Amino acid sequence: MIKVAGVRFKSAGRIYYFDPVDFDIKNGDAVIVETARGIEFGRIAMETAMVDDSKVVQPLKPIIRMATEADIRKAEENEAKKGRALELCQEKIDKRGLDMKLSDVEYTFDGSKVIFYFTADGRVDFRELVKDLASVFKMRIELRQIGVRDETKMMGGIGCCGRPLCCNSWLPDFAPVSIKMAKVQNLSLNPTKISGICGRLMCCLQYENDTYVEARKGMPELGERIKTRDGIALVYDVNVLENKIKGRLILEEGTADKAPKLSPDFYTYGKEEITRLSGKHIAKKKKEDSYDSELLELAKD
């Protein structure tokens with residue numbers, strides 16, 4: 001175990017571990033630390049704690065000092081200069097006719113370097129742009145290409161829920177999100193319904209995925225045959241959250257040329273009230289067969 005303090009450099013950024021030395025630190029305190037890109041200004045996001053050695057990237061760098069009023073003013077000045085820097089960079093981009101979208105700019109605390117973030121569909125040759133910017137800013141220039149998710153995290157916005165974007169307000173890292181998560185939650189697979197403003201799958205699909213996966217255990221699939229107290233039924237709907245399975249009883253088994261005869265009424269059962277059968281799905285038939293359209297849809301994998 002090793003003693004560390006967590007420092008965050010952006011409001012919803014990742015927390016990095018540093019050696020607290022002997023400083024009496026509290027959440028929100030401003031500190032000056034040494035990072036891979038030089039001296040930086042950050043704020044305490046996690047007070048002194050003991051963590052496992054495997055979670056710490058060695059060597060663990062120490063907190064240099066508590067930030068002074070002058071340090072805080074300097075950080076605010078760097079923040080205030082961002083607007084003008086973006087304007088100048090955009091002018092140079094337009095002049096060069098480069099196919100890139102400028103997203104954000106960041107000054108290092110010591111003023112030795114300015115970093116411009118941009119998005120682009122492919123690779124961009126910005127060597128001449130770097131020279132143009134260096135002649136204006138008189139410091140080291142770095143252009144960094146980022147993805148659309150990172151761009152959205154930087155710029156912020158309002159989600160479809162009406163709240164500020166999670167990635168911009170509190171989410172430090174992006175978790176993998178797959179279309180399978182939407183299927184598990186029985187959501188519409190319409191891209192406009194399950195995509196965030198970044199154009200990628202919404203991060204919130206991942207929040208409840210484990211709960212849905214656990215709740216779906218033992219639940220049948222659509223089109224599956226199940227044994228109930230009333231007889232063998234065909235599943236038409238599954239409500240995971242309410243633990244309800246809706247189906248129609250099979251009154252007469254079908255044949256190779258005839259679909260099974262189903263009850264006109266729907267019956268609802270709980271997961272504990274049914275038994276799943278092997279050979280679970282009804283057989284697929286060719287389009288020209290006279291099967292009920294609902295049954296054909298259910299038979300799809």
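Here the structure is a predicted model, which means the values were calculated and not measured.
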Subject >> Exam field: side chain S195 to backbone L201, donor-acceptor pair closer than 3.5 Å >> reply: no

Original post:
Could you go step by step and tell me if I232 and L249 meet the side-chain contact (heavy atoms from CB on, under 4.5 Å) rule?
Top reply: CA-CA 6 Å; I232 305 301; L249 296 177; over 6 Å; no

**OP:** Could you tell me whether R37 atom CZ has more than 12 heavy atoms of other residues or ligands within 6.0 Å of it?
**Re:** yes

Original post:
When the ring planes of Y16 and F9 are compared, do they come out parallel, tilted or perpendicular, using 30° and 60° as the limits?
Top reply: tilted

Original post:
Hey, are K74 and E77 close enough for a salt bridge, meaning a charged N less than 4.0 Å from a carboxylate O?
Top reply: no

Original post:
Checking Q185 side chain against L205 main chain: does a donor-acceptor pair fall under 3.5 Å?
Top reply: yes

**OP:** Answer with yes or no whether the side chains of S54 and D52 bring together a donor and an acceptor at under 3.5 Å.
**Re:** yes

Original post:
Roughly how far apart are S178 OG and K183 NZ, rounded to 0.5 Å?
Top reply: 9.0 Å

Subject >> Between D230 and Y269, a side-chain donor and acceptor under 3.5 Å >> reply: yes

Subject >> Salt bridge present between K26 and D24 (N-O < 4.0 angstrom) >> reply: yes

Original post:
Going by the angle between their ring planes, with limits at 30° and 60°, are W170 and Y207 parallel, tilted or perpendicular?
Top reply: tilted

**OP:** Report yes or no: do T108 and D110 form a side-chain donor-acceptor pair below 3.5 Å?
**Re:** yes

Subject >> D237/K244 ion pair, N-O < 4.0 Å >> reply: no

Original post:
Do Y236 and Y267 have ring centres separated by under 6.0 Å?
Top reply: no

**OP:** Measure from the side-chain N and O atoms of R43 to the backbone N and O of R8, and report whether any donor-acceptor pair falls under 3.5 Å.
**Re:** no

**OP:** Locate the shortest heavy-atom distance separating F116 from C89; write the atom from each residue and the value.
**Re:** CE2-CB, 3.5 Å

Subject >> Derivation and outcome, side-chain contact (heavy atoms from CB on, under 4.5 Å), residues M219 and K271 >> reply: CA-CA 6 Å; M219 296 289 271; K271 179 171 64 176; 3.4 Å; yes

Subject >> From CD (E76) to CG (D71), nearest 0.5 Å >> reply: 11.0 Å

Original post:
In this structure, are over 12 heavy atoms from other groups packed under 6.0 Å from R65 atom CZ?
Top reply: yes

**OP:** Identify whether the distance between the nearest side-chain nitrogen and carboxylate oxygen of E253 and R225 falls below 4.0 Å.
**Re:** yes

Subject >> Minimum heavy-atom distance S169-P164, with the two atoms named >> reply: OG-O, 4.0 Å

**OP:** Assess whether atom CG of D121 is packed by more than 12 heavy atoms of other residues, nucleotides or ligands within 6.0 Å.
**Re:** no

Subject >> Shortest non-hydrogen contact between F174 and D150, atoms and distance >> reply: CE1-OD1, 3.6 Å

Original post:
Can you tell me how far the CD1 atom of I146 sits from the OH atom of Y117, to the nearest 0.5 Å?
Top reply: 8.0 Å

**OP:** Any chance you could measure L187, atom CG, to Y212, atom OH, to the nearest 0.5 Å?
**Re:** 6.5 Å

Subject >> Enclosure of K82 NZ (heavy-atom neighbours >12, cutoff 6.0 Å) >> reply: yes

Original post:
So, the side chain of E91 versus the backbone of L88: is there a donor-acceptor pair under 3.5 Å, distance only?
Top reply: no

Original post:
For the side chain of R248 and the backbone of S263, is there at least one donor-acceptor N/O pair under 3.5 Å apart?
Top reply: yes

**OP:** Can you establish whether the number of heavy atoms outside Q58 located under 6.0 Å from its atom CD is more than 12?
**Re:** yes

**OP:** Answer yes or no: is there an ion pair linking E142 with R144, defined by an N-O contact shorter than 4.0 Å?
**Re:** yes

Original post:
Is it true that the side chains of T255 and D257 contain a donor and an acceptor less than 3.5 Å apart?
Top reply: no

**OP:** Using distance alone, with no hydrogens and no angle criterion, decide if S103 and E151 have a side-chain donor and acceptor under 3.5 Å apart.
**Re:** yes

**OP:** Establish, from distance only, whether the side-chain atoms of E106 and N78 form a donor-acceptor pair under 3.5 Å.
**Re:** no

Original post:
Can any side-chain N or O of K153 pair as donor or acceptor with the backbone N or O of L171 at less than 3.5 Å?
Top reply: yes

Original post:
Just wondering, are more than 12 heavy atoms of other shown residues or ligands nearer than 6.0 Å to CZ in R123?
Top reply: no

Original post:
Above 12 or not: heavy atoms from other molecules or residues under 6.0 Å from CG of D173?
Top reply: yes

Original post:
Minimum heavy-atom separation for T152 to C198, with atom names?
Top reply: OG1-CB, 3.1 Å

**OP:** Considering non-hydrogen atoms only, spot the tightest contact between F23 and M66 and give its length.
**Re:** CD2-CG, 3.9 Å

**OP:** Identify the two heavy atoms, one from G156 and one from L165, that lie closest to each other, and give their separation to 0.1 Å.
**Re:** C-CD1, 3.8 Å

